[in-house]
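First the structure, in the form of structure tokens, and then the observations on it.
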Protein chains: 2
Amino acid sequence: MISVVIIGTGNVAQNLYQAFEKSSDVAVKQVIGRNQKHLAFVNSTLLSSTNFNRIEAADVYILAVSDDAIKLVANNFKDIDGLLVHTSGATSLEAIKSAKRTGIFYPLQTFTKGKIIDFDAIPICIETTHEEDLKLLKQLGETLSKTVVEIDSEQRKTMHVAAVFVNNFTNYMYTIGAEICEEHKIDFKLLQPLIKETAAKLDTLTPMQAQTGPAKRGDQQTLHNHLQVIKDKHQRELYTLLSNAIKEKHGKKL
Amino acid sequence: MISVVIIGTGNVAQNLYQAFEKSSDVAVKQVIGRNQKHLAFVNSTLLSSTNFNRIEAADVYILAVSDDAIKLVANNFKDIDGLLVHTSGATSLEAIKSAKRTGIFYPLQTFTKGKIIDFDAIPICIETTHEEDLKLLKQLGETLSKTVVEIDSEQRKTMHVAAVFVNNFTNYMYTIGAEICEEHKIDFKLLQPLIKETAAKLDTLTPMQAQTGPAKRGDQQTLHNHLQVIKDKHQRELYTLLSNAIKEKHGKKL
């Protein structure tokens with residue numbers, strides 16, 4: 001049985017709490033947050049606390065707070081004996097070095113407010129400096145997920161950049177698609193099966209293999225027609241830039 | 001019972017053929033293609049034909065050929081009495097006007113070679129000029145899908161542009177994510193749950209609501225750190241452009 005204390009009240013903290021509560025191999029000893037209201041998701045009020053001066057003893061302390069608060073909040077854990085980990089993809093191990101034993105416990109997923117996620121298929125990226133801490137984090141990760149991988153800070157930073165492209169920037173492509181639909185009174189929901197299949201293709205194909213569309217085919221006529229449809233200056237710029245990039249990548253003449 | 005002739009041997013033709021073969025409301029009378037080899041997917045050789053001079057009688061003729069071949073191939077159907085439709089998102093009804101009765105039967109989905117797709121959730125966008133032809137197309141569409149919508153040529157063109165953003169350009173974001181992973185020896189498969197969840201979020205949120213990430217938060221430190229990780233000039237440009245666009249859209253100061 002691994003005992004944990006969760007620090008934070010955001011989407012990651014809530015999802016970790018719910019997942020650990022279901023596990024018979026993990027005991028949540030405490031959930032600490034600044035704001036009592038935001039701790040409402042914790043089933044027992046005995047578990048929740050706003051007091052950083054009364055931290056329960058535990059094997060692992062999970063800092064699930066926003067990136068810019070990590071360093072500051074970590075200062076409260078200078079004297080604890082347990083392992084202090086943060087859950088950020090973009091923050092180094094350095095940021096929490098004030099603690100005695102430190103590590104990373106980074107679930108590679110996007111979390112939505114109020115939506116409880118099944119951790120089973122979510123990769124958990126771990127890092128720490130001591131062999132026995134690594135074993136502990138691995139064990140903790142495996143109570144949630146089938147995929148627990150050791151990733152060092154450099155790789156994690158890189159992975160986070162890749163995640164921005166496939167998640168944040170992809171969502172921005174959805175945003176433009178929705179804007180174009182709205183402008184022309186088309187129901188954006190009609191595009192959803194396409195969006196899901198675009199993601200599902202990666203089960204069997206690399207993105208290079210999965211690429212389709214007028215730019216890939218070098219179909220100048222359609223590219224030209226599309227630019228006539230797009231009125232927004234920014235959307236036109238993006239359309240041209242991305243089409244040219246795809247053409248270039250797939251060896252079509254510009 | 002609606003009788004159809006399919007013209008073409010590509011992904012769309014193959015998927016339509018497989019789907020109609022399963023339906024008890026549709027009889028596939030013939031599949032016509034230029035190349036006998038490419039017609040191998042047709043179960044019965046009696047059905048397949050390379051001869052455009054011997055076209056079977058049918059209610060609907062479905063031109064599932066590449067966009068630039070539509071006009072040319074349509075010329076073979078000048079004298080038929082059935083309804084000639086094409087399956088292209090980017091091509092107007094005009095392109096097949098040589099036929100007596102014309103229409104559009106556009107399944108809004110991305111098709112992959114060798115992958116049979118379930119049409120059930122795929123929107124089928126139809127268009128035609130005569131009331132009775134519309135009824136026929138609607139009926140035909142409903143043998144495959146729960147979502148058959150009447151969309152005129154202008155809307156279809158716009159929808160196709162939106163589809164390029166959410167499908168082709170999204171896939172390009174995946175491509176860059178994969179490149180970054182490969183360059184740093186990270187398994188791209190680790191990002192797949194994130195990719196799927198990014199798409200799945202749209203079940204409950206608009207893309208505007210679903211946006212997350214450093215640009216959305218206006219987190220300059222992370223944006224700066226990421227730009228230090230990205231070495232490729234083109235990737236840096238795209239990272240900056242899209243981050244600024246997201247910041248602007250979500251009202252963060254540039």
Side-chain angles (χ1 to χ4, degrees), chain A residues 67 90 108-110 112 121-123 149 155 157-159 161-178 180-181 184 186 190-199 201-202 205-208 210-216 219 222 225-226 229-230 234 242 245-246 249, chain B residues 67 90 108-110 112 121-123 149 155 157-159 161-178 180-181 184 186 190-199 201-202 205-208 210-216 219 222 225-226 229-230 234 242 245-246 249:
Chain A
D67 287 10
L108 183 51
Q109 185 54 285
T110 174
T112 308
I122 299 177
V149 283
Q155 280 180 312
K157 266 189 209 167
T158 309
M159 211 152 147
V161 177
V164 165
F165 275 93
V166 304
N167 168 234
N168 303 155
F169 292 168
T170 283
N171 186 72
Y172 187 63
M173 298 299 130
Y174 300 161
T175 307
I176 296 184
I180 293 172
C181 284
H184 292 83
I186 296 163
L190 291 172
L191 288 168
Q192 273 193 32
L194 177 64
I195 286 172
K196 288 206 176 157
E197 178 62 16
T198 304
K201 272 191 174 185
L202 301 184
L205 300 173
T206 67
M208 269 298 273
Q211 189 66 58
T212 56
K216 156 77 187 297
D219 176 350
T222 300
N225 291 346
H226 282 179
V229 172
I230 308 173
H234 165 68
L242 292 172
I246 292 171
K249 183 129 324 213
Chain B
D67 288 9
L108 183 51
Q109 186 52 285
T110 174
T112 308
I122 299 176
V149 283
Q155 280 179 312
K157 267 189 208 167
T158 309
M159 213 153 147
V161 177
V164 165
F165 275 93
V166 304
N167 167 233
N168 303 155
F169 292 168
T170 284
N171 185 72
Y172 187 62
M173 298 300 130
Y174 301 162
T175 308
I176 296 184
I180 293 172
C181 285
H184 293 83
I186 297 163
L190 291 172
L191 289 168
Q192 273 194 32
L194 176 64
I195 286 172
K196 288 206 176 158
E197 178 62 16
T198 304
K201 272 191 174 185
L202 301 185
L205 301 173
T206 68
M208 269 299 274
Q211 190 66 59
T212 57
K216 158 76 188 298
D219 176 351
T222 300
N225 290 346
H226 281 180
V229 172
I230 307 173
H234 165 69
L242 292 173
I246 292 171
K249 183 127 327 209

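Note: hydrogens, waters and symmetry copies are ignored here, and every other heavy atom, side chains too, is used. Residue numbers start from 1 in every chain, and the chains themselves are labelled A, B, ... in the order their sequence lines are given, proteins ahead of strands.
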side-chain hydrogen bond (donor to acceptor under 3.5 Å, both in side chains) partners for B/T212, two or more places apart
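With neighbours one apart ignored, the set is A/N168.
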Counterpart residues, side-chain hydrogen bond (donor to acceptor under 3.5 Å, both in side chains), relative to B/Y172 (two or more places apart)
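Residues passing side-chain hydrogen bond (donor to acceptor under 3.5 Å, both in side chains) with B/Y172: B/H234.
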Heavy-atom pairs under 4.5 Å with chain A: which of [options] has the most?
options: B/I180, B/T158, B/L205; value: B/T158
options: B/I176, B/I122, B/D67, B/T222; value: B/I176
options: B/A90, B/A178, B/A210; value: B/A210
options: B/I195, B/N225, B/L202; value: B/L202
options: B/T112, B/V164, B/T170, B/V229; value: B/T170

For chain B, find which of A/V149, A/L242, A/T206 contributes the most heavy-atom pairs closer than 4.5 angstrom.
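Greatest number of close heavy-atom pairs with chain B: A/L242.
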Search all heavy atoms of A/M173 against all heavy atoms of B/F165 and return the closest pair with its distance.
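Taking every non-hydrogen atom into account, CB-O, 3.4 Å.
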Under a 3.5 Å distance rule, please check whether B/Q109 uses its side chain to pair with a backbone N or O of A/P193 as donor and acceptor.
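Checked: pair present.
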Given that the side chain runs from C-beta out, which part of B/Q211 has a heavy atom under 4.5 Å from chain A: side chain, backbone, both or neither?
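Looking at B/Q211, backbone and side chain both touch chain A.
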Any donor-acceptor pair under 3.5 Å linking the side-chain atoms of B/T198 with those of A/N167?
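Yes, a side-chain donor-acceptor pair sits under 3.5 Å.
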Could you walk me through whether B/T175 and A/K249 pass the side-chain hydrogen bond (donor to acceptor under 3.5 Å, both in side chains) check?
CA-CA 10 Å; B/T175 308; A/K249 183 129 324 213; over 6 Å; no
